[in-house]
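All remarks here apply to the structure that follows.
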There are 2 protein chains.
Amino acid sequence: MLNQSRHSRQREAILALLRSTKLHPTADWLFSELKKEFPNIGLATIYRNLKFFEEQGLVIKIDVGDGFDHYDADTSDHYHFFCDSCRKVIDLDMPPLQFGEVLPDGFSSEHHQLVFFGKCKNCKLELCS
Amino acid sequence: MLNQSRHSRQREAILALLRSTKLHPTADWLFSELKKEFPNIGLATIYRNLKFFEEQGLVIKIDVGDGFDHYDADTSDHYHFFCDSCRKVIDLDMPPLQFGEVLPDGFSSEHHQLVFFGKCKNCKLELCS
DNA sequence: ACATAAATGATAATGATTATCATTTATATC
DNA sequence: GATATAAATGATAATCATTATCATTTATGT
């Protein structure tokens, strides 16, 4: 049969790792972590699978403008805070906004991205790691 | 005197061009346009001045995740629509949102970026250029 | 077990942005 | 106006996250 995706231990591990963290990892972070379990894993495998997961709707890509693509296995509607100080991407616990009625005439959008910038809780208290 | 910025015709032209358009140009678009007036202008001059303007608060950088930095001389609070079809960045005429009361405890933000994704008016009508 | 094509790992290529550096130019001072 | 100084430029190389290529390995249906 054609056009079928196959199982691989690497693919499973990448998704499992993404699902286990709220750190919104970059490809490089995943690569470093997964080398512990798969010493021979290639960085291309990380990128390939991230693209695969995104196409499957299993993860979302978050762009906060720091030069890295961040990935999140939480695909529910939610917003992010990017700390200008420690450069972490942090989930915000706030209800998703409804923009249907407020968008100008002729525009409709299935998806929006809202990112807040500032100093996170910890950095304000000088507790940043 | 030290640490002084000087006038240059190129710098003036870049800012004037940014102020004359609502296209949210990329560095490369500005470069192409400005070569008409300055055939010898270098791409580095564009990037250098964009950074300069951003630091001076004269322009804002818009990141819509298309792989290019877009620039906007309209520094007032406003939101953007990114067309997945024609890949244009379009100003949205809608009032800025107030998030002070809705952000979770401990977070405060001076700045947020809200981008809507979808098909723009023209692309919905198959009028896209 | 075998055949087939998907997935991997290694590595090269891509491309937007940044850094470097010699030259040009703006501007303050004489 | 001439001059000194450092900012700005233009040309080009470097950077670096991401993507493409390709030979090899591996999953899975038969």
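Proteins get letters first, then strands, A, B, ... in listed order; numbering begins at 1 in each. The basis for the numbers below is simple: all heavy atoms, side chains too, and nothing from hydrogens, waters or symmetry mates.
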May I have the list of side-chain donor-acceptor pairs in residues 109-117 of chain A shorter than 3.5 Å, sequence neighbours left out?
| from | atom 1 | to | atom 2 | distance (Å) |
| --- | --- | --- | --- | --- |
| S109(A) | OG | H111(A) | N | 3.2 |
| S109(A) | OG | H111(A) | O | 2.7 |
| S109(A) | OG | F117(B) | N | 3.3 |
| S109(A) | OG | F117(B) | O | 2.6 |
| H112(A) | NE2 | Y79(A) | OH | 2.7 |
| Q113(A) | NE2 | D63(A) | O | 2.8 |

My understanding is that only residues two or more places apart in sequence, or in another chain, count here; which of them pass side chain to side chain contact (heavy atoms under 4.5 Å, CB included) with [X]?
X: S8(A); value: Q10(A), R11(A)
X: D74(A); value: D72(A), S76(A), H78(A)
X: L23(B); value: T21(B), W29(B)
X: S20(A); value: L17(A)

| If we fit an axis to the first five pairs and another to the last five of the helix from dA1(C)-dT30(D) to dC30(C)-dG1(D), what angle do they make, to the nearest 10°? |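 Comparing the first five pairs with the last five, the axes sit 30° apart.
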Pull out every protein N or O sitting under 3.5 Å from an N or O of nucleotides 19-21 of chain C, one pair per line with the distance.
none

| request: Can you sort out which residues in residues 7-26 of chain B have a heavy atom within less than 4.0 Å of DNA chain D? Ascending by number, please. | output: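 Heavy-atom cutoff 4.0 Å gives S8(B), Q10(B), R11(B).
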| Do K124(B) and S108(A) come close enough that some side-chain heavy atom pair is under 4.5 Å? |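 When only atoms from C-beta onward are counted, S108(A) and K124(B) do touch, with a gap below 4.5 Å.
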| field | Check: C86(A) and N122(A) side chains under 4.5 Å, non-hydrogen atoms | value |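 N122(A) does not reach C86(A) side chain to side chain.
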Do any side-chain atoms of residues 38-47 of chain B form donor-acceptor pairs under 3.5 angstrom with protein atoms, and if so which ones, sequence neighbours left out?
| from | atom 1 | to | atom 2 | distance (Å) |
| --- | --- | --- | --- | --- |
| T45(B) | OG1 | R48(B) | NH2 | 3.1 |

| message | Please give me every residue in residues 58-71 of chain A whose heavy atoms get under 4.0 Å of an atom in DNA chain C, ordered by residue number. | response |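 None, since no heavy atom is under 4.0 Å.
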| message | Can you list everything that forms a salt bridge (charged side-chain N to carboxylate O under 4.0 Å, His left out) with D69(B)? Sequence neighbours excluded, please. | response |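 For D69(B), the residues satisfying salt bridge (charged side-chain N to carboxylate O under 4.0 Å, His left out) (neighbours in sequence not counted) are K61(B).
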| request: Tell me, please, which residues at least two apart from K51(A) pass salt bridge (charged side-chain N to carboxylate O under 4.0 Å, His left out). | output: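 Not a single residue meets the salt bridge (charged side-chain N to carboxylate O under 4.0 Å, His left out) criterion with K51(A).
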| What orientation do F107(B) and F81(A) show, parallel under 30°, tilted 30 to 60°, or perpendicular over 60°? |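 Correct class here is tilted.
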